[in-house]
Amino acid sequence: MKKSLLALAALATLPVAVWADGLQSLENFMRTAKAGQAQFTQTVTAPAKEGQSARSKTSSGTFEFQRPGQFKFVYTKPFEQTIIADGKTVWLYDVDLNQVTQRKQADALGSTPAAILASANDLAGLQKDFVLKSVPDADGLQWVEAKPKATDGQLKNVRVGFQGDTLAAMDILDGFGQRSLIRFNQLKVLPSLPASHFKFEVPVGADIMQQ
């Protein structure tokens with residue numbers, strides 16, 4: 001009996017690898033990752049209509065961010081589309097339509113999924129727009145839930161998944177019941193990115209719409 005107790009005591013002193021919870025992972029990520037690049041795959045699932053099964057669409061591309069306030073999603077498959085926030089303006093360019101949508105970033109970014117990754121420099125800044133809390137681990141990831149404080153937006157709920165302190169996924173639910181699951185891979189954390197990465201130039205002949 002004494003030997004068993006001694007063995008348990010010895011095991012208790014051994015170092016154990018324990019991941020932080022979701023909120024701690026988010027805080028560590030915001031503190032250490034001021035800029036970064038990744039590949040992503042996004043699956044969008046619309047609510048099932050009566051008598052039909054839910055339909056999903058998958059796209060993929062690259063993602064870059066630099067805090068505060070700059071990010072870029074470049075969709076390459078199945079259709080080409082670019083979304084850039086340069087700190088003042090959010091640009092959306094649809095290659096097939098050769099159409100650019102332009103919107104003031106202050107109006108567009110506040111309670112959006114991208115704001116969680118790019119808008120604020122720290123957790124306190126993010127908590128101005130979102131209520132944050134850790135939720136149970138799932139799919140081998142630590143998750144934090146972010147609910148927008150504004151109730152008049154289209155965004156209902158976001159969960160951000162981490163593997164340790166590495167950004168791995170975002171699970172987004174909008175007010176229409178549409179779910180978008182973004183998986184990030186090959187994430188590179190960088191001290192900074194060139195300003196040119198977030199500069200958008202309107203293509204020749206493109207139609208411009210302002211919102």
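Counting from 1, the numbers follow the sequence of the chain as shown.
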Are [Y] and [X] linked, directly or through intermediate hydrophobic residues, by side-chain heavy-atom contacts shorter than 4.5 Å (ILVMFWY only)?
X: Val44; Y: Leu155; answer: no
X: Ile172; Y: Val90; answer: yes
X: Val100; Y: Leu92; answer: no
X: Leu173; Y: Leu181; answer: no

Distance, nearest 0.5 Å, that separates [atom1] of [X] from [atom2] of [Y]:
X: Thr89; Y: Lys104; atom1: OG1; atom2: NZ; result: 9.0 Å
X: Gln70; Y: Glu64; atom1: CD; atom2: CD; result: 10.5 Å
X: Asn121; Y: Leu126; atom1: CG; atom2: CG; result: 11.0 Å
X: Gln24; Y: Ser134; atom1: CD; atom2: OG; result: 7.0 Å
X: Asn28; Y: Leu23; atom1: CG; atom2: CG; result: 10.0 Å
X: Tyr93; Y: Gln99; atom1: OH; atom2: CD; result: 10.5 Å

*Keeping to residues at least two apart or across chains, list the salt bridge (Lys or Arg N to Asp or Glu O under 4.0 Å) pairs with something in residues 26-43.*
none

*Do any pairs count as a salt bridge (Lys or Arg N to Asp or Glu O under 4.0 Å) and have a residue in residues 193-211, sequence neighbours left out, and if so which ones?*
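As it turns out, there is no salt bridge (Lys or Arg N to Asp or Glu O under 4.0 Å) pair with a partner in residues 193-211 once direct neighbours are skipped.
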
*What pairs of residues pass the ring pair (Phe, Tyr, Trp, His ring centres under 6.0 Å) test when at least one of them lies in residues 171-193, not counting sequence neighbours?*
Phe63-Phe184

Measure from the side-chain N and O atoms of [X] to the backbone N and O of [Y], and report whether any donor-acceptor pair falls under 3.5 Å.
X: Gln142; Y: Gly164; answer: yes
X: Asp174; Y: Gln178; answer: yes
X: Arg67; Y: Ala118; answer: no
X: Lys149; Y: Gln127; answer: yes

Student check: side-chain heavy atoms of [X] and [Y] closer than 4.5 Å:
X: Val160; Y: Val158; result: yes
X: Gln102; Y: Ile208; result: yes
X: Met170; Y: Leu117; result: yes
X: Leu193; Y: Leu190; result: yes
X: Leu123; Y: Leu26; result: yes

Show the atom names and distances, to 0.1 Å, of all donor-acceptor pairs under 3.5 Å that link a side chain in residues 71-83 to residues at least two apart or in another chain.
{"residue": "Lys72", "atom": "NZ", "partner": "His197", "partner atom": "O", "Å": "2.8"}
{"residue": "Tyr75", "atom": "OH", "partner": "Gln42", "partner atom": "OE1", "Å": "2.6"}
{"residue": "Thr76", "atom": "OG1", "partner": "Ser60", "partner atom": "O", "Å": "3.3"}

*asked:* Restricting to ring pair (Phe, Tyr, Trp, His ring centres under 6.0 Å), what partner residues turn up for Phe29, sequence neighbours left out?
replied: Phe65, Phe162

Can you name the residues that form a side chain to side chain donor-acceptor pair (under 3.5 Å) with [X], not counting sequence neighbours?
X: Glu145; result: none
X: Arg179; result: Asp171
X: Ser56; result: Thr45

*side-chain hydrogen bond (donor to acceptor under 3.5 Å, both in side chains): which pairs involve residues 183-196, sequence neighbours left out?*
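Listed by first then second residue: nothing to list.
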
*Can you name the salt bridge (Lys or Arg N to Asp or Glu O under 4.0 Å) partners of Asp86, sequence neighbours left out?*
none

*asked:* Between Thr32 and Asp165, is the side chain to side chain contact (heavy atoms under 4.5 Å, CB included) condition met? List the steps.
replied: CA-CA 9 Å; Thr32 60; Asp165 295 336; 5.6 Å; no

*Which pair of heavy atoms, one from Ala120 and one from Met30, lies closest together, and at what distance?*
O-CE, 3.5 Å

*Met209: which other cluster members, linking ILVMFWY side chains closer than 4.5 Å, directly or transitively?*
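Members besides Met209: none; it forms no cluster.
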
*Which other residues belong to the hydrophobic cluster containing Trp143, where Ile, Leu, Val, Met, Phe, Trp and Tyr are joined when side-chain heavy atoms lie under 4.5 Å apart, directly or via other members?*
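Its cluster mates, by chain and number, are Val135, Leu141.
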
